[in-house]
Each structure stands twice: as C-alpha cells, then as structure tokens.
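Have a look at the structure below, then the notes.
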Amino acid sequence: TNRKDTRKAVVIAYATSNFKDADTRMKARLAKHGWEGEALLLPDVLIGETERKTAAEWLPHADIIFMTGGDQSRIMQRFKA
C-alpha cells in the first residue's frame, strides 16, 4: 500500500506499571539503532470510544509495534474492551 504516515512506532504500554513517558523511552531506544521516526503511546482503550478508535487506526499503520514488559494480564483487559 502507498502510505503517507510512515516511520511510526506504536508503543503498547498496558502491561507496565510505569506507563508515563513509555513512548519517549522507546523512541530513545530505537534512535540508538538508527530509527528516525516517531514513537506513539497507544491510548488506553478503557477510557472511551475515541481512544478505541485511535488505537484501531494506529495499529494497522505502524511500522513497529512494541509491547512493554510487565503484568501481561493488563494487556488482555484492554484488548477485550
């Protein structure tokens, strides 16, 4: 497909207890390996419909999807929503 929104890393930080700035930390890690794109923190889908729609739009257009470590049961709570 011909995408205009390239070089996008989506960070799924639902499992971590340290959610804040996970996107910034991931972008710094990727930059060490030559990544020049943006890193976006996937919104919490439990908040509401806007966040669910944003997540559904971002994931298919991501060049990289990174899931942080932590309590994996937190991830399933979100994806069941």
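Partners of Thr50 according to the side chain to side chain donor-acceptor pair (under 3.5 Å) rule, which considers only residues two or more places apart in sequence or in another chain, do not exist here. Every residue two or more places apart in sequence or in another chain that forms a side chain to side chain donor-acceptor pair (under 3.5 Å) with Glu49 is listed here: Arg52. Scored by the side-chain contact (heavy atoms from CB on, under 4.5 Å) test, Ala22 finds Val11, Ala13, Arg25, Leu41 as partners (sequence neighbours excluded). Listed by chain and number, the residues in a salt bridge (Lys or Arg N to Asp or Glu O under 4.0 Å) with Asp21 amount to none (sequence neighbours excluded).
Listed for the Tyr14 side chain is a donor-acceptor partner under 3.5 Å among the backbone atoms of Pro43. A donor-acceptor pair under 3.5 Å is formed between the side chain of Glu51 and the backbone N or O of Gly48.
Applying the salt bridge (charged side-chain N to carboxylate O under 4.0 Å, His left out) rule to pairs touching residues 64-75 yields nothing, sequence neighbours excluded.
At least one side-chain heavy atom of Leu59 sits less than 4.5 Å from a side-chain heavy atom of Ile65. Under the 4.5 Å side-chain criterion, counting only non-hydrogen atoms from C-beta, Leu40 is in contact with Trp58.
The two residues Ala39 and Asp23 make their nearest non-hydrogen contact at CB-O, 3.5 Å. When every heavy atom of Thr68 is checked against every heavy atom of Gln72, the shortest pair comes out as O-NE2, 4.0 Å.
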Side-chain atoms of residues 26-36: list all donor-acceptor pairs with protein atoms under 3.5 Å, sequence neighbours left out, distances to 0.1 Å.
unit_1	atom_1	unit_2	atom_2	d
Trp35	NE1	Gly37	O	3.2

